[in-house]
Structures are given as C-alpha cells and as structure tokens.
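Okay, structure first, notes after.
By convention here, the first residue in the shown sequence is residue 1. All values below come from the heavy atoms of this structure, side chains included, with hydrogens, waters and symmetry mates left out. Atoms within each ligand, like the ligands themselves, are counted from 1 in listed order.
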Amino acid sequence: VSDAPVGVFDSGVGGLTVLRALTEELPSEQFLYLGDTARLPYGTKSAETVVRYAQQATDALARFGVKSIVVACNTASAAALPAIREHANGIPVIGVVEPGAEAACTATKSGHIAVIATEGTVQGGAYQAAIHRRRSDARVTARAAQLFVALAEEGLNEGPIAESIARHYLHPLLADGKDAPDTLVLGCTHFPMLLDAIRKATGPSVRIVDSAATTARAVHEALSAVGILRSSGAGSVRFFATDGPDRFARVGSRFLGRALSPTEIEIVDL
Ligand code: DGL
C-alpha cells in the first residue's frame, strides 16, 4: 500500500501551491494531481454542485488506486469533505480548512482572526466553525475576495492593480481600530501567490497564514499513523486535468514554482 500514490485534488491549478508543500514535506511519495480545469471555478458555484464534482473526482482518484486523498481546494474542503470521505472507501482524506484553522489559532494572540476566501467558502462558514472548534472565544471576520483568483491566474500578482484590489478587500476587513484582527488566513489556494500585495495592504503587524505547510504536515501524520508512508526512494508527480493542458502548464508553472510542459498533463473525463 505504501507504494500507491497520494491523490491530490483541486478545481484547477491553485492546489499546486499545496502540492509544492507536499513534495517538500514528503519527498519520497508518488503524487497524482487532478485539476478539474473544465469546471473551475468552484468558488462561485453552489455547495450542491461542488459536492457532486468532488465526488466524481474522488471516484476518479479511487480508480487510480490512491492510498489517500488530499483535497487541495478550500472550496471543496469546505463544502464537500464529508461527501468525499463517504466516497473514499475508508482511505484517509485530508482537507485544507482544518489545517488552515489550526495555523490561524496558533498565530493569533488577540483571538480576532480575519479570513479571506472564495464566495462559497465564506458562505458555507467552514473556517468560522473550524476556528471555533479550536478556540470557542475567537472572533472571526470573513470576506470573499473572488477577484484574487483571477489576478493570480492572470499572473497579476504584484503591481498597482493587485495592490489596489488588495486594499479594496482588506482595508474594510482590518479597519476595526484596536479590535482589528491580528491574523489573516489566506483561505484559498490562489491567495499565497498574491502575498506581497496582500502584505502591503495589511501592513507588517498582521500575521498572515495559509494552509499549505500545515496541510502537508497533517498528511505526513495521517500516513504515518496508518503505516502507509513511503519513506525511501525517489518521489514523483503525475498531472491530470479535465481540460486545457496548455493553460494548465502555463498558469500552473507559476503556482508550482517549476516549469511544466503541456506534454506532462494527461486529460481525463470525470
Ligand atoms: N481552489 C479554489 C479554492 O481554494 C479556488 C479556485 C476556484 O474557485 O475554483 O477555494
């Protein structure tokens, strides 16, 4: 079992920020990344639709014989984790929301945490619930920052446009006098790409956390706990998408932090 791949699932290329952290944390694992590029974005779709798409992706990963599934998409983690677990036949399923909430609760001193995410993630309230489970007295202020997804995909990570949109979303969220949040959760796979622009808008005193590194550690622990960690040998990644190998490779290279060729992307139908 330990030689079976770890399935990593996202609505598109955003989850490559999580895959990057996973390959650093688990260098001997064989990963199979599936991006549902034909149907993204998930962040503006209803929870019912996201659940249905996520179940189909889970079934596809199960057909590949994965030993575990990482839901590397905040929107799918927030809306569909129980449904994915039901479809996963008992293999470990790890989402990004719980590790993100964990990182936020570790970082905050005041207990006031701001969350930015997609519309679907904010509306579903999964971050708010996950933070309150860990710290019942926490105050959570959440806001959808949907344009950040498009900015990151267009490569407009920095400069005046990114900075002005970052101010648009973050200034109302953080302008709360002495009760302002001291921690900001980047609750969407795309947002770490805009870190510099976000940092300029928050100023230096706000702690900014995302879930990539904490998720990678959670996956490490989950695989160890059930004795299916692959701890020696070379690691590998296979990439699957539901549409557009050229765009996947072009946009995905930036998210993954290394060059991707369209020939590396295999197209699947869910
Ligand atoms: N991967 C999604 C997330 O983390 C962002 C992109 C989308 O909306 O599909 O919420």
Side-chain angles (χ1 to χ4, degrees), residues 7-22 33-58 61 69-81 83-84 93-101 103-104 115-130 142-157 165 169 184-195 198 208-216 218 239-244 247-248 251-252 254-256 270:
V8 182
F9 160 61
D10 177 48
S11 57
V13 294
L16 294 172
T17 57
V18 180
L19 179 68
R20 190 171 171 174
L22 284 166
Y33 182 93
L34 170 62
D36 191 8
T37 41
R39 304 191 290 195
L40 70 78
Y42 282 12
T44 49
K45 299 207 164 66
S46 68
E48 294 71 31
T49 297
V50 173
V51 166
R52 185 158 47 86
Y53 290 174
Q55 284 176 329
Q56 290 165 352
T58 304
L61 290 173
I69 293 178
V70 183
V71 186
C73 172
N74 289 265
T75 307
S77 298
L81 213 57
I84 295 171
V93 176
I94 297 109
V96 287
V97 170
E98 295 290 336
V115 178
I116 48 171
T118 63
E119 213 174 287
T121 302
V122 169
Q123 273 170 12
Y127 265 103
Q128 294 89 321
R143 180 162 197 200
Q146 201 60 47
L147 276 174
F148 281 164
V149 173
L151 282 177
E153 297 220 350
E154 290 306 310
L156 288 170
N157 298 1
I165 294 173
Y169 286 130
L184 173 70
V185 183
L186 307 184
C188 173
T189 51
H190 286 55
F191 298 178
M193 301 294 293
L194 295 152
L195 186 60
I198 291 171
I208 301 177
V209 299
D210 71 66
S211 49
T214 31
T215 298
F239 297 95
F240 293 88
T242 50
D243 188 35
R247 184 176 167 89
F248 186 107
V251 180
R254 287 198 304 272
F255 284 72
L256 187 61
L270 299 184

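- In this view, Asp210 satisfies the salt bridge (Lys or Arg N to Asp or Glu O under 4.0 Å) rule with no residue, not counting sequence neighbours.
- Note that the CZ atom of Phe9 and the CG atom of Asp36 stand 6.0 Å from one another [nearest 0.5 Å].
- With sequence neighbours excluded, no residue forms a side chain to side chain donor-acceptor pair (under 3.5 Å) with Gln123.
- Taking Glu98 as the reference, Arg133, Arg134 meet the salt bridge (Lys or Arg N to Asp or Glu O under 4.0 Å) condition, with sequence neighbours excluded.
- Near ligand 1, residues Asp10, Ser11, Pro41, Tyr42, Gly43, Cys73, Asn74, Thr75, Thr118, Cys188, Thr189, His190 come within 4.0 angstrom through at least one heavy atom.
- With hydrogens and angles disregarded, no donor-acceptor distance shorter than 3.5 Å links the side chain of Thr121 to the backbone of Ala78.
- Each of Tyr42, Phe148, Phe255 was scored for a ring pair (Phe, Tyr, Trp, His ring centres under 6.0 Å) with His190, with one residue passing: Phe255.
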